[in-house]
Amino acid sequence: MSTDDIEGSYDPEAVESKWRGHWVNDGTYEYDESNTDPNTAYSIDTPPPTVSGSLHMGHLYSHIAQDFAARYHRMADGDAFFPFGYDDNGIASERLTERELDIRHQDYERREFQELCREVCQEYEASFTEEIQELGISIDWSNTYKTIEPRVQRLSQLSFLDLYEQGREYKQRGPAIWCPDCETAISQVETEDAERDAHFNDITFEIVDGPRDEVTIATTRPELIPACVAMFVHPDDDRTDDLPGATARVPLFGHEVQILEDERVDMEKGTGVVMCCTFGDQNDIEWYQAHDLDLRVAIDESGTMTEEAGDYAGMSTHEARETIVEDLDSAGHLVSREAIVHDVQVHERCETDIEYRVTDQWYVEMLDKTDEYLEAGREMDWYPEKMFTRYKHWVEGLEWDWCISRQRDSGIPIPVWYCESCDETIFPEKADLPVDPLSDEPPVVECPDCGHDSFEPEEDVFDTWATSSLTPLINAGWDWSEEDGFTFENPELYQFDLRPQGHDIISFWLFHTVVKCYEHTGEVPFESVLINGHVLDRDRRKMSKSKGNGIDPREVMDEYPIDAIRYWAASTSVGEDFPFNENSMRQGEKLLQKLWNASKLVDSLADTEPAEPDEFAAMDEWLLASLDDVIETVTAYFEAHEYAKARDELRAFFWHTFCDDYLEIAKQSEADSTPYTLRVAHRRFLKLFAPFVPHVTEELHTTLYGDDSVHTLAWPEPEGYESNRAAGETALEVISALRGYKTDNGLALNATLGDVAVYGDIEGFEDAISGVMHVETLERLDEAPAISTEVAGIDLDYSKVGPEFGSKVGAIDSAIETGEYAVSNGQLHVADEVLDSKLFEVEEERTFAGEGEFIETENAVVIVR
RNA sequence: GGGUUCGUGGUCUAGUGGUAUGACGCCUCCCUUACAAGGAGGAGAUCGGUGGUUCAAUUCCGCCCGGACCCA
């Protein structure tokens, strides 16, 4: 056992950089793979960060929050499984690669581009890893994965086959949301709103053989006119009741379209006549399906006008929009043009306006089982509980099945081939996974359906979420074999005890994970969900690139000790957004110094391993008993993920009770039990603080108490110390009163007081009081000292008076206010009412006529002579 | 536009049907041999606004204002 001294002041930079390396190299946080007991293995399914850039404040905060849970449970439960992954197979990392290398994926062969993605991601992953390690996150670095690695590819493809075999997947040709820049289908959750400058164009269509010569429509997207396949009016609209059945001619393009009725037309807006194009918006899709309309595709996969657009073919949608408007104007079809600002749907990764295209895509069926998925969500414990509402609303509002195919390069291949003759879908053998249909041969030489012998490989890859929704299966080692079917390598981990998740992505990441794992295992993957809020800027504003109010974690990490940043990260109540707050970090910094200095004092006052005394001095036992209470409270807070409360409770007791009160007493104590108490309390404090400030506690613990990491020791439990707590509290009140006396009288706190008398229950604590306050003689009074008391006021117990006297309380109050009351025989006579003694307390003002200064505390009277 | 949620001293925050917690900052005093990045005191809040329920509302309900998130 080491008994090195600690000296000087705390140097966080040196200590933190020392330990961050140690923990990684020594495998301090490695999960014990031989563990098979789910009760002693706290398992956390960490959502792998998307590799799309550098560490931001959200990463910093959410990882620290997870780490509080991991560190506490590692100590309390015995072991923690705390893995780490990188989500690097999706559009986000492809866009990162394009941005970083200033290239376009279209210009490369698929394999070539994939290589570039791997290289770029690797650099980002390396620096990300370093920063996460720098934050002291207690990840098991021997348990890491990338969502693009072969093992995960196999697992994703297994998941695909399993869901297909269960009848939960289908391929369908239909309108899908499309990003013309990324040139892929995307799912609804990948879109967001963005403001755009645009124009409302009022355009006239000629009526062929109809009740009038022309009709006018308003559109923001004139480039879709070549894709117009019908026009609609509302059946209840008097302005347009002559139009249904008529035929209109599309200006510039000349093709004729029917005018139809549909209740989805908004009568409130515009002219009451709208055009339906394939496709301008979701309404167009519904009309296309409901009225069995033609398909006219005027925009291709890259956002370029097609042959359907005639003279405008080859133009971008933007060019076509301007040119068509000019031509409509010269042809006399443009009635008016008004500039507006409106919201459009864009792809969240590249902010490109989305289109709708009819394509073949793979879907996971979900709409038929929303009730079950809602129930699955209900089975998890939500921290905070209210966040379940978000999940609920999302599930209840689902409108689309989940499109999981993407027309991209760098994802995991969808493992199917199609018969060139009959289009039969050919699946690989599970044992052969992972496969890449583009380079691997199908498992059959001829089509089982038609006997044809050539096959077309599927070129599409999976949506990122199709893989990142499998992290519990990745972490627990899910796999398939001929003999055993689907199994887990570490079944004790599943269900996972905890899933941390940001509140903004409950609806897709968490939801998709629950759905997938539930379908594969029949079990909800998580016992509890910990939702973290967002880090806001100093003024409680959301950080955003456009506002330029982002905070660079690098700068914060360079300026403050990591432990101080972690202290700040513990300021939030679970699920709430919270602001970046440097005050809180400074407070954290002070706590580190305080821990260091207090440890220095403890070390100088006590041997490292003092013998347990037979008898305790009252104050020593009181301290340990109070610490028992604090342990109980703090543990409950940790269990409930109430980190701010745990931190504040612990800090207040350590700082004020232990340092300000107890240590001062201990300095003067001659009792044998004091060194023992100091050491027991000190070791326990280090453990209790360890989840919050792991570096300083590790440094202190290893320096003073030996080589074992404090982070793998058992969490403290109450030892059951007995103490007259009330007497201890009263003793501290007396000490506080004497301190005040010295302050008021300009005396140094270590000045000697000659003669002090105390009336109050301080039995056993006399030595502590006279020791710390340097009192020469301390006298305990059996009776209240000679004082006169006067009634100064009445303190009503409203919780009792209210229900009993109801509306008379006002009169009672004002009578007391003006002094119109009397107390006799313990009863209060006021406003013609008589109040029983239980309903009020008499505030007394005492005067002391004797010699010396008279001080009253809540439970004692102190006289200094 | 709809839903969820938050709004407490200058700043951040706890909390509750009975008059509000702590921290930072501010003011006064003290270099007491762990710590002046410390200690002892003090000032500072009509609990976003407005109606209602109640003997009593910061707390419950309605509306409004402001922020955030989700969904249109």
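Naming: A, B, ... by sequence-line order, numbering from 1 per chain. Everything numeric here is computed off the predicted structure, so don't read it as measured data.
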*Asks:* When the P atoms of B:U21 and B:A14 are considered, how many whole Å apart are they?
*Replies:* 15 Å
*Asks:* Quick one: do A:Arg739 and A:Asp660 make a salt bridge, cutoff under 4.0 Å?
*Replies:* no
*Asks:* Centres of the A:Phe279 and A:Tyr288 rings: under 6.0 Å?
*Replies:* yes
*Asks:* Figure out the CD/P separation between A:Glu396 and B:A72, and round it to whole Å.
*Replies:* 14 Å
*Asks:* When the aromatic ring centroids of A:His682 and A:Phe658 are compared, is their separation below 6.0 Å?
*Replies:* no
*Asks:* Quick one: A:Ile506 CD1 to B:C71 C1', roughly how many Å, whole number?
*Replies:* 13 Å
*Asks:* Measure CG/A:Asn581 against C1'/B:G10 and give the value in whole Å, please.
*Replies:* 13 Å
*Asks:* In whole angstroms, how far is the P atom of B:A14 from the CD atom of A:Glu649?
*Replies:* 15 Å
*Asks:* Between C1' on B:G67 and CG on A:Leu536, what's the gap in Å once rounded to a whole number?
*Replies:* 9 Å
*Asks:* Between B:C61 and B:U16, how far apart are the P atoms? Round to whole Å, please.
*Replies:* 14 Å
*Asks:* Would you please say whether a donor-acceptor pair under 3.5 Å links the side chains of A:Tyr637 and A:Glu649?
*Replies:* no
*Asks:* When the C1' atoms of B:C63 and B:G44 are compared, how many Å lie between them, rounded to an integer?
*Replies:* 32 Å
*Asks:* What nucleic acid atoms does A:Trp596 come within less than 4.0 Å of, heavy atoms only: base, sugar-phosphate, or nothing?
*Replies:* nothing
*Asks:* Please find out if less than 6.0 Å separates the ring center of A:Trp287 from that of A:Phe232.
*Replies:* yes
*Asks:* Write down the distance separating the C1' atoms in B:C70 and B:A56, rounded off to the nearest Å.
*Replies:* 38 Å
*Asks:* Now, which nucleotide makes the Watson-Crick or G-U wobble pair with B:G1, with each of the two distances under 3.5 Å?
*Replies:* B:C71
*Asks:* Taking the six-membered ring for Trp, are A:Phe638 and A:Phe68 closer than 6.0 Å centroid to centroid?
*Replies:* no
*Asks:* Report the residue from A:Val862, A:Ile665, A:Thr730, A:Val734 that forms a side chain to side chain contact (heavy atoms under 4.5 Å, CB included) with A:Ile769.
*Replies:* A:Val734
*Asks:* Pairing check on B:A45: which nucleotide meets the Watson-Crick or G-U wobble criteria with it, both distances under 3.5 Å?
*Replies:* none
*Asks:* B:G22 C1' sits how many Å from A:Phe653 CZ, rounded?
*Replies:* 17 Å
*Asks:* Round to the nearest Å and state the distance from A:Asp648 atom CG to B:G22 atom P.
*Replies:* 12 Å
*Asks:* Under a 3.5 Å cut-off for both contacts, is B:C24 paired Watson-Crick or G-U wobble with anything, and if yes, with which nucleotide?
*Replies:* B:G10
*Asks:* Could you let me know what B:C35 is paired to, Watson-Crick or G-U wobble, both distances under 3.5 Å, or none if it's on its own?
*Replies:* none
*Asks:* Which whole-number value in Å describes the distance from A:Asn745 CG to B:C30 P?
*Replies:* 14 Å
*Asks:* Distance check, P atoms only: B:U59 and B:G41, in whole angstrom units.
*Replies:* 34 Å
*Asks:* Could you write nucleotides 31-40 of chain B as a row of B, S and -, 5' to 3', where a protein heavy atom under 4.0 Å of any base atom gives B, of only sugar-phosphate atoms gives S, and otherwise -?
*Replies:* -B-BB-BSSS
*Asks:* Between A:Arg586 and A:Gln345, which is nearer to the 5' end of RNA chain B once each is assigned its nearest nucleotide?
*Replies:* A:Arg586
*Asks:* According to a strict under-4.0 Å criterion, is A:Lys392 in side-chain N/O contact with OP1 or OP2 of B:G3?
*Replies:* no
*Asks:* Could you check which nucleotide pairs with B:C60 in any of the strands shown, counting Watson-Crick or G-U wobble with both distances under 3.5 Å?
*Replies:* B:G52
*Asks:* So, for A:Trp568 and A:Tyr560, is the gap between ring centers shorter than 6.0 Å?
*Replies:* no
*Asks:* Show your working on salt bridge (Lys or Arg N to Asp or Glu O under 4.0 Å) between A:Lys838 and A:Asp797 and close with a plain yes or no.
*Replies:* CA-CA 8 Å; A:Lys838 285 175 188 146; A:Asp797 183 346; over 6 Å; no
*Asks:* Considering only the P atoms, how many Å lie between B:A40 and B:G66, rounded to the nearest integer?
*Replies:* 45 Å
*Asks:* Does the A:Arg679 side chain pair with the main chain of A:Ala606, one donor and one acceptor, at a distance under 3.5 Å?
*Replies:* yes
*Asks:* Could you go over nucleotides 54-56 of chain B and give all protein N or O partners under 3.5 Å, atom names and distances?
*Replies:*
| unit_1 | atom_1 | unit_2 | atom_2 | d |
| --- | --- | --- | --- | --- |
| B:C55 | O4' | A:Gly806 | O | 3.0 |
| B:C55 | O4' | A:Ser807 | N | 3.1 |

*Asks:* Considering only atom C1', compute the distance from B:C26 to B:U19 and round it to an integer number of Å.
*Replies:* 26 Å
*Asks:* Side chains of A:Asp563 and A:His695: donor-acceptor distance under 3.5 Å anywhere?
*Replies:* yes
*Asks:* Could you give the distance separating B:G42 and B:U5 at their P atoms, to the nearest angstrom?
*Replies:* 40 Å
*Asks:* Start at the 5' end of RNA chain B and walk down; is the nucleotide closest to A:Arg390 or to A:Glu642 reached first?
*Replies:* A:Glu642
